Amino acid sequence: MRRTQKKLIIPVCLTMAGMLAAATSYAQTVTIPVETQNNALVLQTDGDKNLKMVYFGHKLGNAKEYESILGMYKQADDSGVLNDAYMPSGSASLAEPAITVTHADGNKSLNLVYVSHTVTKIDDDISLLTVNLKDPAYPFEVTLYYKTYFKEDVTEQWSVIKHNEKGVVTLNKFASANLNLKGNGFWLKQYHGNWALEMQPEEAKLTHGIKTIDSKLGTRANLYEPSMFMVSMDQPATEDEGKVMLGALEWSGNFKIDLELDVSNNLRVIAGMNNAASEYHLKPGEDFTTPAFVYTYSDHGKGDASRKLQRWARKYKIVDGEGDRLTLLNNWETTYFDFNEAKLADLMKDTKKLGVDMFLLDDGWFGNSHPRNGDNAGLGDWQENKQKLPNGISSLVKEATANGVKFGIWIEPEMVNPTSDLYVKHPDWVIKQPNRPEKYFRNQLVLDLANPQVQDFVYGVVDNLFTKNPTLAYIKWDCNAVIYNAYSAYLKKDQSHLYIEYVRGLYKVLERVRAKYPKVPLMLCSGGGGRVDYGALKYFTEFWPSDNTEPLERVFIQWEYSFFYPAMTSSNHVTDWGKQPLKFRTDVAMMGKLGFDIVVGRLSENDLAYVHGALKSYDYLKDAIWHGDQYRLQSPWDNDAASIMYVNDSKTKAVMFNYLVNNRYGTGTKVPIRLKGLDPQKKYQVKEINLYPGNNSSIGNNLAFTGDFLMNVGINPDVNSGRTSVVIQLDEAK
Ligand code: DGJ
């Protein structure tokens, strides 16, 4: 029997700046709508003060009506055990838990009841809701945090766990968030991959039981699957239609996302750090903070949801998300480890000749007793190799400056080759089992970032480079190995903390780097896209999506990343992978942060003229590509041609990229492609750009159409086997 309940409703966004604290008495229902511009997530207590999540979707016009939601459901779960806002375990809650603990006395039961909540309005856009829960039987508390970005419709959710028991409590599971979704069926889009095969999508209807996306790799955690995913409700969402939630864990280590379709046909999404081999011993009075799970929701399809996430990332998460980026020439694929000062001097001249901002020196510049002439030695010994670079990095920086370009450098400071001085000097800094044979990934082992001395060392690698070379303009931070044989000499009895303390140690280092060098561009690389997540991207300006730069492949890879990350974070390099012409390769790389890794000397005069023209266009359009809205117009998965466009904020400038992705006879764009995001009232001049010297556009000259026409009829880029990549620029006609 339910008690008669008094009702109290407190909408998060309506509360006054930094003030509301509501404590309630027993048998009073508290309803807490967590609202953003378009959406709401609603929490509500039941008669026993258990906190439930009762709604997730489009926000209601009348917040009072949130109270009536639950009454409309007559599902099998009368006992109410399935919709906890943060499911404990071992007591009355019996579904997959968000949290499992072993109390100091060995008892494994946990119950969490609502105590109070507070809303703090951080600014016009951001609010922070905290909800305090406690166990009535033990001095054990969990605080749930919901940080909402009103305009962007984005929420970051995490939890803080603490206790005052008489001894250590073991946390066996510790999710960041536990969402309950209602719908007439749920479709999960997830990703799998491997080296050079990142972001391979799969979408399927969820069946009853638990589907798990996880990683146990420690470092390079996304190698086989990343934590990003989307869930469509009622039917599979398309680009512009349907209800869809996009989510990702802001964590660069092991993660676990459980999607449980329960007996009542509701979906529970439990996201957090992976608890596998990671039980955590929490001392009395200590806080255990979980990483944020970031999510957004749209009832206008995946495109709208992804633009929300992209806007949020640019404004609030990535470093300098509203700033500039550097174009560059990288030497990795043109020299690999085989270079010297003379070769690099030529490459810096080439950088200038190509017309990009910076030269990026990749792997192979360090190690003396064990020179880094291959991937089997030298990692850890961060001194310039005297044979290759007798005058050191500083002379290279000078050389770059003399050529009028900037200089950037590659490091992989978390790793060590057993063939290195560092390994011999500090065997206790290396993650490896004392009583088992070493197992290598790319001939290397991982340094133990749980150890503060190792943190100092890794920070020192970065700090030394900048201290010695104050004009150093850029760092590419790589991370190629996974953690095998997880054991930390530093952590001693707390071995199960290693996976967590490693990532915390990494973030401590990155915090220090950013405290001293707040804006310097850093590229997040992990043998390709092995570590693309918002936990790390908080410290980086961009990421390396994949070592696979074959441009056809890249159309697909970049397409999928773009659901979660803004174009300006995607470092796209023109390389010699594949058989596509230079124009195709460059056009594809322009859909993000453009770079090159090619032998400039091998470019013909026409090639060079084409690149110069493309760079000029890029300079003109980069504001729309980097800071504007992206629209995926036509998917490469279902069409002969893929089409993507970017529009600047004032809708005065746009660019549309089109690529042939099918080589069968007679394929091409037979019908116009409808544009999106333009102003229907504005008239746009439409012209093809990035034409290879000697080629004329087949779409015509002096074209001008209204946004209305372009969005309802569209434009045919005339992609065909003779025109495999077509870039179209749109400017408001003045
Ligand atoms: C892996 C990266 O993904 C590549 O771009 C390159 O930097 C190599 N490492 C260097 O070893």
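All of these numbers come straight from a predicted model, not from anything done at the bench. We count ligands from 1, going down the list as the structure has it; atoms in each ligand are counted the same way. Residue numbers count from 1 along this sequence.
A cation-pi arrangement is not found for Lys583 relative to Tyr692, the charged atom failing to lie both closer than 6.0 Å to the ring centre and inside a 45° cone about the ring normal.
Taking the ring centroids of Trp195 and Tyr224, they lie at or beyond the 6.0 Å cut-off. Between Tyr561 and Phe543, a ring centre-to-centre spacing shorter than 6.0 Å is recorded. Aromatic pair Tyr659/Phe584: ring centres closer than 6.0 Å.
The ligand atoms of ligand 1 that sit less than 4.0 angstrom from a heavy atom of Cys525 are 2 (C), 3 (O). Atoms of ligand 1 found under 4.0 Å from any heavy atom of Gly527 (numbered from 1 in listed order, with element): 1 (C), 3 (O). Atoms of ligand 1 lying under 4.0 Å from any heavy atom of Lys476, numbered from 1 in the order shown and given with element: 4 (C), 5 (O), 6 (C), 7 (O). Residue Trp410 approaches ligand 1 through these ligand atoms, each under 4.0 Å from one of its heavy atoms: 7 (O), 10 (C), 11 (O). Applying the 4.0 Å criterion to heavy atoms of Asp362 picks out, from ligand 1, the atoms 6 (C), 7 (O), 10 (C). Close approach of ligand 1 to Asn480 (heavy-atom distance below 4.0 Å) involves ligand atoms 1 (C), 9 (N).
Counting heavy atoms of neighbouring residues, nucleotides and ligands inside a 6.0 Å radius, atom NZ of Lys425 does not exceed 12 of them.
Taking the six-membered ring where tryptophan is involved, the planes of Phe657 and Tyr646 are perpendicular, since the angle between them exceeds 60° and thus also 30°.
Looking at residues two or more places apart in sequence or on another chain, you find a side chain to side chain contact (heavy atoms under 4.5 Å, CB included) between Gln387 and Asn385.
Between the choices Trp544, Trp332, Phe337, Trp477, the shortest heavy-atom distance to atom 8 (C) of ligand 1 belongs to Trp332.
Put simply, no part of Glu333 is less than 4.0 Å from ligand 1, judged by heavy atoms.
For the pair Asp478 and ligand 1, the shortest N or O to N or O distance falls below 3.5 Å. By the 3.5 Å distance cut-off applied to N or O atoms, Ser526 is not counted among the residues near ligand 1.
Looking from atom 11 (O) of ligand 1 to the surrounding protein, the closest heavy atom is Asp363 OD2, 2.6 Å. From the protein, the heavy atom lying nearest to atom 3 (O) of ligand 1 is Asp547 OD1, 2.5 Å.
Across Arg372 and Lys388, no two heavy atoms sit closer than the pair O-NZ, 3.0 Å.
When each of Phe564, Tyr539, Trp312 is checked for a ring-ring contact (aromatic ring centres under 6.0 Å, His included) with Tyr534, only Trp312 meets the rule.
At a heavy-atom distance under 4.0 Å, no atom of His573 approaches ligand 1.
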